[in-house]
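Notes follow the structure.
Convention: sequence-line order gives letters A, B, ...; per-chain numbering from 1.
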Amino acid sequence: MVEATNFIEQIINEELESGKVNSVYTRFPPEPNGYLHIGHAKSLCINFGIKEKYNGKCNLFLDDTNPSKEKTEFVNAIKEDIKWLGFSWDKETYASDFFPKIYELAIELIKKGKAFVCDMNAEEISQNRGTLTQAGKESPWRNRSVEENLDLFTRMKNGEFADGEKCLRAKIDMASPNINMRDPVIYRILRQTHHRTGDEWCIYPMYDYAHPICDYMQGVTHSICTLEFEDHRPLYDWVGIELGFAPKPRQIEFARLNVTNLVMSKRYLKKLVEDGSVEGWDDPRMPTLTGLRNRGIPAQALKDFCGRIGVSKANSEVQISYFEACVREYLNANAERAMAVLNPLKVTITNYPENQTESLDFEINPSDELKRTRKIDFSKTIYIDQDDFSLAPPPKYFRLKKDGYVRLKSAYIIKCDDVLFNEDGSVKELLCSYVPESKSGSDTSGIKTKGVIQWVNAEKGKDVEIRQYGYLLNDEEYAGQDFSERMNKQSVKIFNGKVEPYVLDNADDRPYQLMRTGYFKLLNVKDKTILSEIVSLKDNFNVKK
RNA sequence: AGGGGUGUCGCCAAGCGGUAAGGCAACGGAUUUUGAUUCCGUCAUUCGUAGGUUCAAAUCCUGCCACCCCUGCCA
């Protein structure tokens with residue numbers, strides 16, 4: 001018996017112990033009507049997490065009962081995203097696989113007197129449903145004979161009626177305080193080409209009716225969904241009981257993931273893509289899995305995040321800082337280090353020989369057990385970041401100042417002797433001298449510097465566009481505003497900095513930590529290669545007061 | 001208003017009658033050739049609230065309050 005870490009596992013443990021079930025089968029059930037986002041990652045981790053933990057099974061179940069919204073493009077994207085997270089499903093199933101069975105069981109319900117064909121249109125049904133406090137009215141067609149219902153339902157299937165002209169309803173209780181139980185529609189007539197079954201069907205089952213059947217047919221033991229389906233559970237169970245499912249799958253609900261400042265509604269995300277506010281579903285600003293992947297978020301970090309936020313039934317909103325902490329933690333341990341200057345300031349080492357280049361060792365990652373290094377070139381002219389030099393340094397400023405010393409990361413200690421100015425008074429160039437015996441790794445100078453700054457060889461450095469992407473904002477400040485406007489508000493900052501060639505020349509697109517800057521990744525946006533920020537280094541730009 | 005849910009530190013979240021885990025954030029301090037990392041320390045006499053039961057309650061009972069979901073031929 002494994003130890004439960006949340007209430008769902010607790011339920012499973014109890015059922016395993018009591019012998020109600022002897023193995024666990026879950027399913028991840030997206031509707032292929034859009035791309036997966038960070039919220040789906042939570043569901044993915046729960047369902048596949050249970051499969052792994054209990055040595056059970058988990059299917060990828062595409063819930064495609066509404067052909068007007070679903071597309072093959074989306075199912076392919078969904079599969080890609082799940083693979084990226086490193087999960088593998090036992091079977092790939094579709095609600096549409098079960099259409100014949102679902103139809104057959106509808107006939108069984110009719111024969112049992114538990115379903116009837118209703119001639120009212122959608123508006124009439126809605127009007128007769130009653131309200132939250134008042135019971136609904138029974139349909140005048142509710143007591144048709146089994147024979148008539150069978151005949152009508154067959155003719156519905158055969159396309160003898162127009163869309164919406166008739167529907168099949170479960171016969172439950174129009175006075176139920178649970179509105180979902182007031183003779184819910186379970187089949188509608190809909191002439192829409194289905195992405196898999198084409199025009200084979202002109203009637204389609206509703207989610208509430210199809211889902212329990214699909215679960216049962218797949219051998220699912222635990223049907224995990226979000227909180228808004230709690231009210232549907234009695235109907236889920238009704239279908240299972242009337243159809244004699246044994247063992248009947250158990251529906252368990254959990255609170256969906258909300259993250260501060262993240263737009264998560266599929267509807268809005270779709271709108272952003274369609275009206276061109278973003279480059280696409282994979283735009284690095286999007287909270288979609290493909291967007292996060294494109295941005296450079298490691299799958300491991302996302303999974304770690306999902307595990308750490310836990311699972312409960314309390315509506316909650318997780319701070320984005322928690323997510324970023326998970327990303328930073330993973331990247332800190334795994335990302336290679338590189339140097340870059342975002343705002344270049346030329347530095348000439350006056351006492352360094354002209355035309356000399358020295359190859360120095362640079363640590364790839366301080367936590368690397370093998371202590372691997374790579375070579376970087378040092379020479380007379382370099383660039384440092386403008387922020388790393390101050391003419392009027394505040395207290396506790398550790399970096400370079402006039403007549404002060406600072407260490408160039410992995411190189412030498414330098415002293416700023418002179419400052420050259422532009423005509424407008426801004427700093428043009430620094431004239432520094434280096435301390436030859438302070439070479440990194442063999443420092444005998446005895447000079448201690450509190451500050452260490454990054455630098456780039458003037459010859460080797462390359463210009464690159466660097467963008468800092470924010471997330472789609474969804475806070476009060478933007479309430480009521482158009483989304484395209486929100487996009488502009490968090491618009492992209494562009495720097496033209498010198499970046500070490502190592503970063504650019506590296507063929508793969510792993511994220512890097514630019515020293516003292518943040519975690520970056522090489523991105524391709526609209527056929528343009530840029531360097532984009534994933535997360536910042538904590539407090540790295542702030543001089544403490 | 002009828003039904004279904006949920007309320008434990010700024011944010012997540014354990015806890016299931018025996019006297020409040022952990023993580024994120026924050027704040028001290030140490031180490032540091034990234035002001036990062038790492039490290040060590042601090043951070044709920046109190047569990048929405050008012051009563052009750054009990055030797056003992058976040059956990060059981062009752063009332064109240066707050067918030068979320070439900071009146072698609074969407075999922």
Point to revise | Geometric class of the A/Tyr434/A/Tyr352 ring pair [parallel <30°, tilted 30-60°, perpendicular >60°] | key: perpendicular
Review point. With under 30° as parallel and over 60° as perpendicular, where do the rings of A/His194 and A/Phe99 fit, or are they tilted in between?
Key: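 The arrangement is perpendicular - the two ring planes meet at more than 60°.
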Using a heavy-atom cut-off of 4.0 Å across all strands, would you classify [X] as base, sugar-phosphate, or nothing?
| X | value |
| --- | --- |
| A/Gln513 | base |
| A/Ser440 | base |
| A/Tyr204 | nothing |
| A/His232 | base |
| A/Thr131 | base |
| A/Thr65 | sugar-phosphate |
| A/Ile125 | base |
| A/Asn121 | base |
| A/Asp231 | base |
| A/Gln319 | base |
| A/Lys266 | nothing |
| A/Met206 | sugar-phosphate |
| A/Ala325 | sugar-phosphate |
| A/Ser367 | nothing |

Say we look at [N] and [M]: how far apart would their [atom1] atoms be, to the nearest angstrom?
| N | M | atom1 | value |
| --- | --- | --- | --- |
| B/rU42 | B/rG23 | P | 12 Å |
| B/rG15 | B/rC47 | C1' | 10 Å |
| B/rU54 | B/rG18 | C1' | 12 Å |
| B/rU19 | B/rU8 | C1' | 16 Å |
| B/rU38 | B/rG51 | P | 46 Å |
| B/rC64 | B/rU71 | P | 26 Å |
| B/rU46 | B/rA58 | P | 11 Å |
| B/rG4 | B/rA20 | P | 35 Å |

Opposite nucleotide pairing with [N], Watson-Crick or G-U, both atom distances under 3.5 Å:
| N | value |
| --- | --- |
| B/rU59 | none |
| B/rA66 | B/rU6 |
| B/rU71 | none |
| B/rG17 | none |
| B/rU42 | B/rA26 |

Rounded distance (Å) that lies between atom [atom2] of [N] and atom [atom1] of [X]:
| X | N | atom1 | atom2 | answer |
| --- | --- | --- | --- | --- |
| A/Glu3 | B/rG15 | CD | C1' | 12 Å |
| A/Tyr207 | B/rC74 | OH | P | 15 Å |
| A/Arg169 | B/rU71 | CZ | C1' | 13 Å |

It should be established whether [X] places a side-chain nitrogen or oxygen under 4.0 Å from OP1 or OP2 of nucleotide [N].
| X | N | value |
| --- | --- | --- |
| A/Gln10 | B/rG15 | yes |
| A/Lys396 | B/rG35 | no |
| A/Arg188 | B/rC74 | yes |
| A/Arg516 | B/rG35 | yes |

Which nucleotide in the list [options] gets nearest to the side chain of [X]?
| X | options | answer |
| --- | --- | --- |
| A/Asn66 | B/rC74, B/rA25, B/rG35 | B/rC74 |
| A/Lys69 | B/rA13, B/rG2, B/rC74 | B/rC74 |
| A/Lys538 | B/rU6, B/rA36, B/rC12 | B/rA36 |
| A/Ser321 | B/rA75, B/rC68, B/rC24 | B/rC24 |
| A/Arg308 | B/rG5, B/rG2, B/rG23 | B/rG23 |
| A/Pro177 | B/rC24, B/rG2, B/rC68 | B/rG2 |
| A/Ala314 | B/rA13, B/rG35, B/rU33 | B/rA13 |

Point to revise | Carboxylate-amine/guanidinium contact A/Asp385 A/Lys498, below 4.0 Å | key: no
**Study point:** Electrostatic pair A/Glu31-A/Lys69, nearest N-O below 4.0 angstrom
**Key:**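 No, no charged N to carboxylate O under 4.0 Å.
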Any N/O donor-acceptor pair, [X] side-chain to [N] base, under 3.5 Å:
| X | N | result |
| --- | --- | --- |
| A/Asn178 | B/rG4 | no |
| A/Arg129 | B/rU71 | no |
| A/Ser126 | B/rU71 | no |

Exercise for review: Hey, which sits more toward the 5' end of RNA chain B by its nearest nucleotide, A/Lys409 or A/Asp63?
Suggested key: A/Lys409
**Study point:** Reported CZ-to-CG distance for the pair A/Arg510 and A/Leu331, which is rounded to 0.5 angstrom
**Key:** 11.5 Å
Practice item. Working to the nearest 0.5 Å, report the span between CG of A/Asn457 and CD1 of A/Ile382. Key: 8.5 Å
Practice item. Answer with yes or no after comparing the ring centroid distance for A/His232 and A/Tyr236 against a 6.0 Å cut-off, counting only values under it. Key: no
**Study point:** Beyond-backbone contact of A/Leu257 with A/Ser43, side-chain heavy atoms, under 4.5 angstrom
**Key:** no
**Study point:** Main-chain N/O of A/Phe389 paired with A/Tyr397 side-chain donor or acceptor, under 3.5 Å
**Key:** yes
